[in-house]
Q: 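Encoded as structure tokens, here's the structure I'll be asking about.
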There are 2 protein chains.
Amino acid sequence: MPKISDEHRAEKRQQIIAAMLRCVERDGFHKTTMAAVVEESGLSAGSVYTYFRGKNDIIRAIAESGLTGISAAIQRLIPEKGSDQTAPPPEQAIEAATQHLLDLAEHLGVDLPRIAMQTWAEAARDPEIHAVMAPEARRIRASWRTYAESAIDSGLVRSDADPERIAMVLTGLLPGFILQRIMLGDVTPKVYAAGLADLLSGPGVVR
Amino acid sequence: MPKISDEHRAEKRQQIIAAMLRCVERDGFHKTTMAAVVEESGLSAGSVYTYFRGKNDIIRAIAESGLTGISAAIQRLIPEKGSDQTAPPPEQAIEAATQHLLDLAEHLGVDLPRIAMQTWAEAARDPEIHAVMAPEARRIRASWRTYAESAIDSGLVRSDADPERIAMVLTGLLPGFILQRIMLGDVTPKVYAAGLADLLSGPGVVR
DNA sequence: TCTCAAAGAGAATGAACATTCGTTTTTCAA
DNA sequence: TTGAAAAACGAATGTTCATTCTCTTTGAGA
């Protein structure tokens, strides 16, 4: 009985997802046709439908895998609890996070900013997509919160600061980076981080 | 010859745009049907098509009016050139800008964050929409840049800081606010600004 | 080697949708 | 009041698209 292994099944699903990602980059979710996904994947219509229940099922899969890994990348910036290492300053943390985003995009061979935009738009209108994406958003916020606590402990931020609020601001900087990449195309992790450093250094005297 | 005045024409167009905005809030651009816009507007299909060439034409009109007024609102935060007034600190500027966004949404009676998300997604995939939206994005950046220059002059930011970089960060905070409103729903202008204030105050000693 | 269940293919199907078109209603200059 | 031109209407149209269905191929186990 020729039955595909779970492994092969996962591979094929990935192949289809990758095909749809390439389409979504160009056309967004609702302007990509299944015919385009079929062609891009190199499979046939019938075949695609044996791996996914339908178009919405592929969209859900993309939303789920979405920005997975961003929260983990932020976690890595945070020194172990109880270690004597100090947290990096916020501008370094933001540079690392945005750079990680670009590296991830290059690794996947997709235009991550454009795809992120499409999935956020989908989350904004479809409660089901919102539900699958919200946990990662919460994880990203939580990672920044842990970072903020660590930054407070390290003396980088005043001790009576509220880590959750700080996490909101740091979380907010990422979509701002992505949107400006799309709309203006000129931001890079380095200059973005430098801007934050300028802002953070306050009215410090020059040299 | 019964011909509609330009004024009446503009009113009708506005009525149709408002109807489509209500649809887009729920369904996004490509899942709202013209039938839905027709019903929501209270007009007939034929009538809608005498005011707009087609669906894309309405989308373009929405993208054009988009976030108009945000850059102007930011401009208002900046003291007159040569005046002896000092610029507000960044956290106050961000609070005012985000609050203005929410006020504008309430005034228009629409869910501006959701609609902004949809238009950005559209800009990310359609060069024509990108082209009509980019100028306002540039204006917003330019307004923040002028603010940054003013903040430097006022001694709020170190004098060797680069105003363009600072503008990138401040510009980036707005979409970050909007996305977190959609995904997590908990940010408000006050707490967002307070988070920025915490971050900006650096390792200051408490009291 | 043979069998048969499952995978793959791609044409066919039917629903959904944007737009048009023929008709009716409204408006206003004469 | 009237007539003609424009606006409004909404059923009809033709296309596009997701999904299904039937047929063919594949390959693991007997």
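These numbers come from a predicted model, not from an experiment. Below, chain A is the first sequence line, B the second, and so on; all start at residue 1.
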Q: A/Phe29 has an atom CZ; how far is it from atom C1' of D/dA18, in whole Å?
A: 17 Å

Q: What pairs meet the salt bridge (charged side-chain N to carboxylate O under 4.0 Å, His left out) rule with one or both residues in residues 104-115 of chain B, with sequence neighbours excluded?
A: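 Those involving residues 104-115 of chain B are B/Asp111-B/Arg114.
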
Q: Is the backbone of A/Ser71 close enough, under 3.5 Å, to the side chain of A/Ser143 for a donor and an acceptor to pair up by distance?
A: yes

Q: Which whole-number value in Å describes the distance from A/Gln15 CD to C/dG8 P?
A: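 In whole Å, C/dG8 P lies 9 Å from A/Gln15 CD.
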
Q: What I want to find out is whether A/Arg22 reaches A/Glu25 closely enough, with some N-O distance under 4.0 Å, to be called a salt bridge.
A: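 No salt bridge links A/Arg22 with A/Glu25.
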
Q: Atom CZ of B/Phe52 to atom P of C/dT20: distance rounded to whole Å?
A: 16 Å

Q: Whole-Å distance between D/dA18 P and A/His30 NE2?
A: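 Nearest whole value for this atom pair: 11 Å.
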
Q: Calculate the interatomic distance between A/Ile16 atom CD1 and D/dT19 atom P; express it in whole Å.
A: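 Between P of D/dT19 and CD1 of A/Ile16: 13 Å.
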
Q: Sort me out a list of protein N/O and nucleotides 10-17 of chain C N/O pairs below 3.5 Å, or just none if empty.
A:
residue: C/dG10; atom: O6; partner: A/Gly46; partner atom: N; Å: 3.3

Q: Looking only at side-chain N and O atoms, does A/Tyr49 come under 4.0 Å of OP1 or OP2 in C/dA9?
A: no

Q: Rounded to the nearest angstrom, tell me the gap between atom CD1 in B/Ile58 and atom C1' in C/dT19.
A: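 These atoms are roughly 12 Å apart.
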
Q: Separation of B/Arg9 atom CZ from D/dA8 atom P, in whole Å?
A: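 Atom-to-atom, B/Arg9 to D/dA8, this comes out as 10 Å.
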
Q: Atom CE of B/Met20 to atom C1' of C/dA18: distance rounded to whole Å?
A: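 Going from CE in B/Met20 over to C1' in C/dA18 covers 12 Å.
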
Q: For the residue pair B/Tyr51 and B/Ile58, establish whether any side-chain heavy-atom pair is separated by less than 4.5 Å.
A: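 Side-chain contact under 4.5 Å: no.
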
Q: How would you list all residue pairs meeting ring-ring contact (aromatic ring centres under 6.0 Å, His included) that involve residues 112-148 of chain B, not counting sequence neighbours?
A: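 Checked against ring-ring contact (aromatic ring centres under 6.0 Å, His included) - neighbours excluded - the pairs reaching residues 112-148 of chain B are B/Trp144-B/Tyr147.
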
Q: Within the structure shown, what part of the strands sits under 4.0 Å from A/Tyr51 by heavy-atom distance: base, sugar-phosphate, or nothing?
A: sugar-phosphate

Q: Please walk me through it: do B/Arg141 and A/Gln180 pass side-chain hydrogen bond (donor to acceptor under 3.5 Å, both in side chains)?
A: CA-CA 10 Å; B/Arg141 170 83 74 76; A/Gln180 286 182 84; 3.0 Å; yes

